[in-house]
Amino acid sequence: MYLSRIEEAMLDGEYGEKIALAMRILVKVGETVGAERLVRVRHVHVSGVSYTNIGEPGYEFIRSLFEGGARVSVYTTVNPGCADLGGASAVLDPGLLPLQRAINSVLEGGGVDPVYTCVPYLVRRPAAGERLAWGESNAVAMANSFYGAYTNREAGPLTLAAALTGRTYMAGLHLAENRVVGVRVEAEKPGGFGDDVYGSLLGLYIGEAVQSVPMVARGSLPASFMGVREMLAASAASGSHGLVVLEGVTPRGSYGLGGYERIGVSSGDLVDLFERVSSPLETRGRVLFYVGCPHLSLSEALWLERLVAGYSGVVRGVDFLVSLPYLYRGFVDDAVFSSRGITVVYGTCPVVSRFRESYDLVVTNSGKALFYMRRIHGVEVSLASVKEMLGAAMVA
Ligand code: F3S
């Protein structure tokens, strides 16, 4: 692999042993995937920081990288951990807080911006054509597809190596040849589904059915920002799509158009998928209602706050959880939610955390949460829009 003079010096330890270690990781992985050089990045988003996922070995690895005063060399944000940093959750295991805080304090000591969210694009909007090294699948899909930036979905250790060196390997979605549309998807929106559920279903469908770079036809795009985010998060989870071209939205020049195939997705296809993956919405037994995968934007959180305030009833007999970026603490009125029996958690989400009790059913508007809740927590999941969820959970 070609390395610049500075990169050679980093590798040789002239910038310290941690930078040299990070460089060795990047070069090794880069050579394995055939990268010819490294590329400088403008923003790193570190993933793989939840204690429940990485445990003591992961904590020790992160600590070893930053011990001795090593610091990130480029703007770096970080994904949610496994603990509610707002401290109010009755749903998630509070015993995880000190374990997660230990990881967080190492990262913060190394200069990482403590945003604890999976939506770094709402913290710092990526520019079209910008190079990034992000490690969260929904964020990667948004960066490439919505903003026209360039990033692979990096594994946690690689994001840390990129943060220390300010570089990643030039391969995958950093190369124009891997950003060429292979399939144009024309979908018909079924009646009766909220836009968030439509986005989730279409994303799950694309994840299962399309192997090359998909392009979603302009008239088939979800109408709302939330719907688009749900679609990209679901297709990234179920099909590992880091780029889904959004016709008329994805900046031109950040993708190529070849001789693509076309597939039609009828409303019947999406209804069939819904019936296959979504359990009936029940409020009997132990049920968790969950909104905020991916974390809500501030305007979505304030919209939800107004919606909740408009209900005269309260949530009874079920748990209702909303997850938000840590940096939104103080911007949302938690009392509005708690007065209606809804818990707001910050800097975490139930997918990367541990429940206090087991649930028979999780109800969510998120196709990504559906995908992982079944796999990780082994629970039944019902897909429903935010409004349907509030209507079902609120008791007069
Ligand atoms: Fe974010 Fe958790 Fe969903 S990290 S994308 S809310 S699984």
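Values reported hereafter were calculated over all heavy atoms of this structure, with side chains retained and with hydrogens, waters and symmetry mates removed. When a ligand or atom number is given, it counts from 1 through the structure's own listing order.
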Number the atoms of ligand 1 from 1 as they appear, then name those within less than 4.0 Å of a heavy atom of K368, with their elements. 5 (S), 7 (S)
Residues, nucleotides or ligands: over 12 heavy atoms within 6.0 Å of E56 CD: yes
Between C118 and atom 2 (Fe) of ligand 1, is there a contact where an N/O/S atom of the residue lies under 2.8 Å from the metal? no
Atoms in ligand 1 flagged as close to Y290, the criterion being non-hydrogen separation under 4.0 Å: 6 (S)
What residue and atom, counting heavy atoms only, is the protein's closest point to atom 7 (S) of ligand 1, and at what distance? V351 CB, 3.5 Å
Between L270 and Y205, is the side chain to side chain contact (heavy atoms under 4.5 Å, CB included) condition met? List the steps. CA-CA 8 Å; L270 293 180; Y205 190 96; 4.1 Å; yes
Taking only non-hydrogen atoms of E136 and a 4.0 Å limit, the atoms of ligand 1 in range are 5 (S)
In ligand 1, which numbered atoms sit nearer than 4.0 Å to a non-hydrogen atom of N138? 5 (S)
Applying salt bridge (Lys or Arg N to Asp or Glu O under 4.0 Å) to R5 and E8, what does each step give before you reach the verdict? CA-CA 5 Å; R5 201 180 51 74; E8 289 281 6; over 6 Å; no
Any heavy atom of A233 closer to ligand 1 than 4.0 angstrom? no
I need the single residue from H174, E36, E154 that forms a side-chain hydrogen bond (donor to acceptor under 3.5 Å, both in side chains) with Y169. Which is it? E154
Heavy-atom distance under 4.5 Å between the side chains of Y2 and L38, does that happen here? no
Please confirm whether the ring centroid of F225 lies under 6.0 Å from the ring centroid of F146. yes
So, do V314 and V395 sit near enough that their side-chain heavy atoms are less than 4.5 Å apart? no
Report, in ascending order of atom number, the atoms of ligand 1 lying under 4.0 Å from any heavy atom of C293. 3 (Fe), 5 (S), 6 (S), 7 (S)
Residue-ligand contact S137/ligand 1, heavy atom below 4.0 Å: no
Is any side-chain heavy atom of W134 less than 4.5 Å from a side-chain heavy atom of H43? yes
Tell me, please: is N79 in heavy-atom contact with ligand 1, that is, under 4.0 Å? no
Note: ligand 1 atoms sitting under 4.0 Å from heavy atoms of G292 are 6 (S)
For ligand 1, which atoms, with element, lie under 4.0 Å from some heavy atom of C349? 2 (Fe), 4 (S), 6 (S), 7 (S)
